[in-house]
> 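Right, I'll just put the structure down here and ask away after.
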There are 2 protein chains.
Amino acid sequence: MDHQPIDLDSLTPGAWKILDVASALFYEYGIYSVGVDTIATEAGVTKPILYKNFGNKDGLIAAYLQNRHRRWWPRLEEAIAASPAPRALAVFDVYMEDAKTMTRGCAYLNAAAELATDHPAYPLIRHHKHVVCERLRQLIEEDLPQIEDPQRLADHLFLLAEGAFAHHRIYGGSLLAEARQIAQKLLSP
Amino acid sequence: MDHQPIDLDSLTPGAWKILDVASALFYEYGIYSVGVDTIATEAGVTKPILYKNFGNKDGLIAAYLQNRHRRWWPRLEEAIAASPAPRALAVFDVYMEDAKTMTRGCAYLNAAAELATDHPAYPLIRHHKHVVCERLRQLIEEDLPQIEDPQRLADHLFLLAEGAFAHHRIYGGSLLAEARQIAQKLLSP
DNA sequence: GAAGAGATATACAGACCTGTAAACCTGTGG
DNA sequence: CCACAGGTTTACAGGTCTGTATATCTCTTC
């Protein structure tokens with residue numbers, strides 16, 4: 001029925017329950033390792049209800065990534081608002097906070113690895129990572145106007161954070177904390 | 001039958017054909033998106049032959065990651081041997097060379113995202129990434145003995161390279177080249 | 001040439017996948 | 001009380017997955 005992109009604002013409570021359950025399972029076990037049957041059962045609904053709300057599994061995957069971004073972005077902005085200069089470090093703070101509970105690494109990098117690059121939800125992944133890098137550049141421009149090439153420094157910090165988050169799944173170690181320390185040094189004049 | 005880890009040195013030519021086909025398909029479409037039926041057909045063998053050689057799909061996955069490392073590592077060492085100091089940049093050179101053909105990003109990060117962390121092949125992923133980082137530290141220690149904390153610089157370069165390679169799948173852009181430039185600056189005193 | 005051993009192919013089991021058609025149940029208007 | 005409409009559930013279609021039991025075929029040995 002609903003093959004349009006899902007509008008998160010017009011989801012019913014029942015649909016949110018499905019999305020929440022799907023999100024947890026997708027993240028924990030991987031998108032293609034979780035069947036819609038499992039999701040529906042865990043959410044306490046039947047399969048046609050799921051399909052009525054999300055069209056098909058791809059719609060649910062898209063809603064998963066979209067909703068994750070919508071919940072995460074305000075947390076980043078809050079951390080930025082509460083952070084002393086250089087506020088770019090707030091990105092690392094949020095990633096470290098995330099890492100405490102997200103033992104499977106970055107949901108977007110995981111999804112990127114699983115989904116085909118022409119999957120309808122792939123642009124959501126690109127967008128999520130793009131705006132993070134963009135925000136880093138803005139923060140650098142505002143907090144450290146003396147920096148010559150803010151885009152390059154933003155990319156530098158972005159790669160540190162992403163590399164550390166990607167490997168958090170593999171090692172689960174303290175690479176994120178180390179990345180933050182390195183970033184701190186890069187941002188101090 | 002063969003539930004032991006696969007010994008790459010005792011594979012028959014037919015088994016190598018299977019492994020090569022599986023490797024290409026695993027990398028291109030993702031491990032769990034490719035069925036053993038497809039692999040067997042593409043390799044020109046029947047399924048029982050595949051199972052006779054690799055025990056089960058997990059054995060084939062393990063052989064895939066193992067073999068990839070065995071073929072890649074000598075390429076890294078060659079690049080290191082041919083590189084002027086600081087030779088740590090050779091890692092970026094190989095990654096950039098890889099990126100020309102590997103449009104799906106890093107095979108190990110992709111596998112890490114797909115496989116459960118307790119999958120029998122997961123240690124192969126950890127090992128591959130670990131030795132790369134380790135090698136970076138050695139190269140820094142040898143080429144730049146004045147560096148105070150070579151482990152930290154190695155981690156720094158490693159995160160740059162891994163972040164860039166991870167995002168090569170998402171953007172396909174020039175992040176690896178930029179990461180190399182950043183690394184070059186970090187290595188110049 | 002016959003008999004047996006080992007490799008190969010056929011065919012299938014049993015589970016799980018996405019997605020849907022049709023039966024059913026509930027609540028509303030006449 | 002009855003007809004009708006909307007949402008819900010049951011049941012299933014059709015396909016794909018991993019893994020294997022059984023039959024066939026080939027090749028060696030006597």
Side-chain angles (χ1 to χ4, degrees), chain A residues 1-6 10-19 21-65 111 114-116 118-122, chain B residues 1-6 10-19 21-65 111 114-116 118-122:
Chain A
M1 189 80 60
D2 202 8
H3 283 250
Q4 319 289 68
I6 308 300
S10 56
L11 289 188
T12 64
W16 276 111
K17 172 73 179 169
I18 295 170
L19 184 51
V21 166
S23 296
L25 292 173
F26 283 165
Y27 179 71
E28 185 71 16
Y29 300 104
I31 291 171
Y32 287 131
S33 298
V34 176
V36 290
D37 249 319
T38 308
I39 296 167
T41 303
E42 293 272 324
V45 300
T46 54
K47 232 180 342 173
I49 303 279
L50 188 154
Y51 278 89
K52 183 185 169 61
N53 279 286
F54 296 97
N56 53 25
K57 190 175 180 180
D58 287 338
L60 190 54
I61 294 168
Y64 158 59
L65 294 173
E114 253 189 298
L115 301 181
D118 60 353
H119 189 280
Y122 217 87
Chain B
M1 189 81 61
D2 200 11
H3 284 249
Q4 319 289 69
I6 307 300
S10 57
L11 288 188
T12 65
W16 275 110
K17 172 73 179 169
I18 296 170
L19 184 52
V21 166
S23 296
L25 292 173
F26 283 164
Y27 179 71
E28 185 70 16
Y29 300 104
I31 291 171
Y32 287 130
S33 297
V34 176
V36 291
D37 249 317
T38 307
I39 295 167
T41 303
E42 293 271 324
V45 300
T46 55
K47 231 177 348 171
I49 303 280
L50 188 154
Y51 278 88
K52 183 185 168 63
N53 279 286
F54 295 96
N56 53 23
K57 191 176 180 180
D58 287 338
L60 190 54
I61 294 169
Y64 158 58
L65 295 173
E114 254 190 296
L115 301 180
D118 59 353
H119 189 281
Y122 217 86

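We name chains A, B, ... by the order of the sequence lines, and we start the count at 1 in each one.
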> CG of B:L50 versus C1' of D:dT18: gap in Å, rounded?
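It works out to 11 Å between those atoms.
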> Return the OG1 to CG distance between A:T12 and A:N53, rounded to the nearest 0.5 Å.
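CG of A:N53 is found 5.0 Å from OG1 of A:T12.
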> Would you kindly check whether a donor in the side chain of A:K47 faces an acceptor in the base of C:dG19, or vice versa, at under 3.5 angstrom?
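Looking at the base of C:dG19, it does pair with a donor or acceptor on the side chain of A:K47 (distance under 3.5 Å).
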> What's the closest nucleotide to the A:K52 side chain, out of D:dG7, D:dT20, D:dT10?
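Of all the options, the side chain of A:K52 is nearest to D:dG7.
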> Nearest-Å distance, CD1 (B:I39) to P (D:dT18)?
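Roughly 7 Å, once rounded to whole Å.
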> Find the distance B:F26:CZ to D:dT18:P and express it as a whole number of Å.
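B:F26 atom CZ is separated from D:dT18 atom P by 8 Å.
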> Of all the choices, D:dA21, D:dG19, C:dT20, which nucleotide is nearest to the side chain of B:P48 once you look at every atom?
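It is D:dA21.
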> Mind checking the NZ-OG1 spacing from A:K47 to A:T41? Nearest 0.5 Å is all I need.
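It comes to 9.0 Å.
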> Taking atom P of D:dG19 as reference, at what distance in whole Å does atom OH of B:Y51 sit?
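Taking atom P of D:dG19 as the reference, OH of B:Y51 is at 4 Å.
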> Would you kindly give the CD1-to-P distance between B:I31 and D:dT18, to the nearest whole Å?
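Spelled out: CD1 on B:I31 to P on D:dT18 is 12 Å.
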> A:Y29 has an atom OH; how far is it from atom C1' of C:dC17, in whole Å?
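Checked: the OH to C1' distance equals 18 Å.
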> Can you name the nearest heavy-atom pair linking B:K57 to B:I31, along with the distance?
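That closest heavy-atom pairing would be NZ-O, 3.2 Å.
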> Which heavy atom of B:Y32 sits nearest a heavy atom of B:H119, and at what distance?
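That closest heavy-atom pairing would be OH-CD2, 3.8 Å.
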> 5'-most contact on DNA chain C: B:I49 or A:V36, nearest heavy atom basis?
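Closer to the 5' end of DNA chain C: B:I49.
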> Using the closest heavy atom to pick a nucleotide of DNA chain D for each, name whichever of A:D37 or A:T46 lands nearer the 5' end.
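The answer here is A:T46.
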> CG of B:N53 versus C1' of D:dG19: gap in Å, rounded?
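Computing the B:N53:CG to D:dG19:C1' distance gives 15 Å.
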> Can you tell me how far P of C:dT20 sits from NZ of A:K57, to the nearest Å?
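Going from A:K57 (NZ) to C:dT20 (P), I get 15 Å.
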